[in-house]
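Quick note on labels: first sequence line is chain A, next is B, and so on, each numbered from 1.
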There are 2 protein chains.
Amino acid sequence: MRLPEARAAQRRGLKPGESLFLQDDRVDNVYILLDGWAFRYQDLKDGRRQIVDFALPGDVVGLSETAAAPCGLEALTPCSFACYSRKAFFELIGRQPAMGLTLVQMLSHAEARAIEHVTSLGRRTARERVAHLLLELVTRLKRLNLMADTKSLDLPLMLSHVADALGLANETVCRCLSGLRRDGVLVLRERRLKVLDLRRLADEANLSETDAFEPAVPAMPARRFAA
Amino acid sequence: MRLPEARAAQRRGLKPGESLFLQDDRVDNVYILLDGWAFRYQDLKDGRRQIVDFALPGDVVGLSETAAAPCGLEALTPCSFACYSRKAFFELIGRQPAMGLTLVQMLSHAEARAIEHVTSLGRRTARERVAHLLLELVTRLKRLNLMADTKSLDLPLMLSHVADALGLANETVCRCLSGLRRDGVLVLRERRLKVLDLRRLADEANLSETDAFEPAVPAMPARRFAA
DNA sequence: CGTTAGGTTGACGACGATCAATGACGGTGG
DNA sequence: CCACCGTCATTGATCGTCGTCAACCTAACG
């Protein structure tokens, strides 16, 4: 699933807080996030902000941003992207059928996340949302083999990011995290998360029937895009 | 953008309330909704339900439902689907590059809707959500040339569908609709919606900077899949 | 007619937003 | 070294939107 042509692809770097593109921008390129964390967000006219998704290494962005991007993309940490013209990207896919499959799988995962996100915002309580988001991030990082040790990891997020992702106020997120800490589920301090009881976290998240998060994820055989 | 092969494709019908597939099902086919309304939904373990998206004629479903479907699909009205094996579908796409483009466009639109949906649930008030959903449906139907006259249309939705789509209680939806009617924005009775003031409805929806819904949609040159 | 499903309206309570004060850091300049 | 910020986290007090519970209405149907 590696892209041999990838070496030829343009690179693009981003510092924390910088944007790859803004909401409403015309986006002609397709990007693959090689390293770092970023997020996609949408702004309302009155200033309220909604974070739509977090992008992690291997994720593809820009594919759906055809004419005018429905949302902007901003870096959380220093990021580096491989960047293809839309045309070149599709040619690449066309030449490597296996890559097409991987792409479809990734888009499927992204949509599954979007669906879970909608369900969270629509039907879960504040505490459930917080637990669900943390569980999702832990699961994704595990699949990417990107967790420092098994239990703890760095989250380059401020309260306001979590709040904007979950449709909550900062203070509410803070209270939920305090609660989860008091109850011995996790510790989150100084941007570092330690999950003390994964099963318990999953219970708190009030999962849908579908998503079986934790169960010994079998190391994800299919590789992500990488370059 | 028509599919000549489509005549050969299997058909599948559905009566209101029936499901094409359930959450967690393995879905091997890709379906194109030829006629009717349906919705995709996700259930939580405690019974709460979230409607994720509404499917209208021309929409593709099943693409992202690779291993275990993240959500079920249920018919609102009598529906008919063209149904392809995943393999046949991709062959079809492979043979007709233009179709691939159309597909990408449709997936982009679907994702844009998902993003707007997330924003609605996360950051919009009850009244804004209701207005936004109605505006979205009106816009989609216009593009499909599926509106009876310019101003009014049939919505095969119960209060509970709107409520489950917007993360609200039936009573809240009812109150919002009463309010919008009182204020002369629209009339919704007996499953029939009449928009009295489209611009006003757009204001009520508190649109994101991005989505310019109403502005004289130029009849959507690109055709949807059809068979 | 009686029954049932769905819509409508009111009363009340709860969850989470808002406002405000305080604390913990890290950076900057005197 | 330490006063002075600015940013972000934390906690408490109060308020408002929306969920819940309940009663009633209407239309469809046997």
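Each salt bridge (Lys or Arg N to Asp or Glu O under 4.0 Å) pair with one or both residues in residues 61-80 of chain B, not counting sequence neighbours, appears once here: B:Arg40-B:Glu65. Sequence neighbours left out, not one pair with a member in residues 46-80 of chain B passes ring pair (Phe, Tyr, Trp, His ring centres under 6.0 Å). Residue pairs meeting the salt bridge (Lys or Arg N to Asp or Glu O under 4.0 Å) criterion with at least one member in residues 179-189 of chain A, sequence neighbours excluded: A:Arg127-A:Asp183.
D:dC8 atom P lies 13 Å from atom CG of A:Leu76, rounded to whole Å. Rounded to a whole Å, the CG atom of B:Leu121 is 19 Å from the P atom of D:dT17. If you take CG of A:Leu157 and P of D:dT7, they are 20 Å apart, rounded to a whole angstrom. Atoms CG (B:Leu188) and C1' (C:dG6) sit 13 Å apart, rounded to a whole Å. Between A:Leu166 atom CG and C:dC15 atom P there is a gap of 18 Å when expressed in whole angstrom units.
Checking B:Leu201, B:Val130, B:Val195 one by one against B:Leu135, the side chain to side chain contact (heavy atoms under 4.5 Å, CB included) holds for a single residue, B:Leu201.
Applying the side-chain hydrogen bond (donor to acceptor under 3.5 Å, both in side chains) criterion to A:Asp25, with sequence neighbours excluded, gives no partner residue. In this view, A:Asp28 and A:Arg26 satisfy the side-chain contact (heavy atoms from CB on, under 4.5 Å) rule, not counting sequence neighbours.
Considering only the side chain of B:Arg181, C:dT8 comes nearest among C:dT8, C:dG6, D:dG19.
Across residues 169-176 of chain A, A:Glu171, A:Cys174, A:Arg175 each have a non-hydrogen atom less than 4.0 Å from an atom of DNA chain D (numbered order).
Backbone-only contact: B:Arg191 has heavy atoms under 4.0 Å from sugar-phosphate atoms and none from a base.
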Expected list for residues 29-39 of chain B: side-chain donor-acceptor pairs under 3.5 angstrom, two or more places apart:
residue : atom : partner : partner atom : Å
B:Asn29 : ND2  : B:Tyr31 : OH           : 3.4

Distance-only donor-acceptor pairs under 3.5 Å for side chains of residues 164-178 of chain B, two or more places apart:
residue  : atom : partner  : partner atom : Å
B:Asp164 : OD1  : A:Arg123 : NH2          : 2.7
B:Asp164 : OD2  : B:Arg49  : NE           : 2.8
B:Asp164 : OD2  : B:Arg49  : NH2          : 2.9
B:Ser178 : OG   : B:Cys174 : O            : 2.9

Sugar-phosphate atoms are those with a prime plus P, OP1 and OP2; base atoms are the rest. Using that split, label each nucleotide of nucleotides 24-30 of chain D B, S or - for protein heavy atoms under 4.0 Å, 5' to 3'. -------
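Listed pair A:Ser178 / D:dT10 fails the phosphate criterion, with no side-chain N or O lying under 4.0 Å from OP1 or OP2.
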